[in-house]
Amino acid sequence: MAQHPHDPHHPASPVHPVDERPAARRLVPAALQHLAAMYAGVVTPPLIIGQAVGLDTAGRTRAS
């Protein structure tokens, strides 16, 4: 007897690599790398622009 694709005993179709969830040992370093990249993208432009317009170190790092 042939198995029907909607049969609950039929093996699930393989998951496409794009849809796989990585193991925690790969997920945590990737998450930390993502956070570092986001932080660098937010912090770097004011530091570069501040230096270009002649602000001193205190002026580039002051919050207000």
Side-chain angles (χ1 to χ4, degrees):
M1 170 155 92
Q3 289 187 342
H4 190 270
H6 299 291
D7 181 4
H9 300 294
H10 184 72
S13 62
V15 177
H16 192 275
V18 172
D19 297 325
E20 287 181 356
R21 182 172 176 176
R25 63 183 169 82
R26 292 190 65 196
L27 192 62
V28 171
L32 293 174
Q33 179 186 16
H34 188 79
L35 288 172
M38 290 190 314
Y39 182 76
V42 171
V43 172
T44 304
L47 293 175
I48 293 171
I49 293 169
Q51 184 177 8
V53 297
L55 292 179
D56 61 350
T57 305
R60 289 193 306 255
T61 58
R62 192 173 355 173
S64 302

With sequence neighbours left out, what residues match [X] under side chain to side chain contact (heavy atoms under 4.5 Å, CB included)?
X: V28; value: L32
X: H16; value: V18, D19
X: P29; value: none

What one should report as the nearest heavy-atom pair of A40 and P45 is O-CD, 4.1 Å

So for atom CD, which belongs to E20, do other residues, nucleotides or ligands contribute more than 12 heavy atoms lying within a distance under 6.0 Å?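 Result for CD/E20: enclosed.
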
Count I, L, V, M, F, W, Y as connected when their side-chain heavy atoms are under 4.5 Å apart, and connections chain through other members. Are I49 and V42 then in the same cluster? no

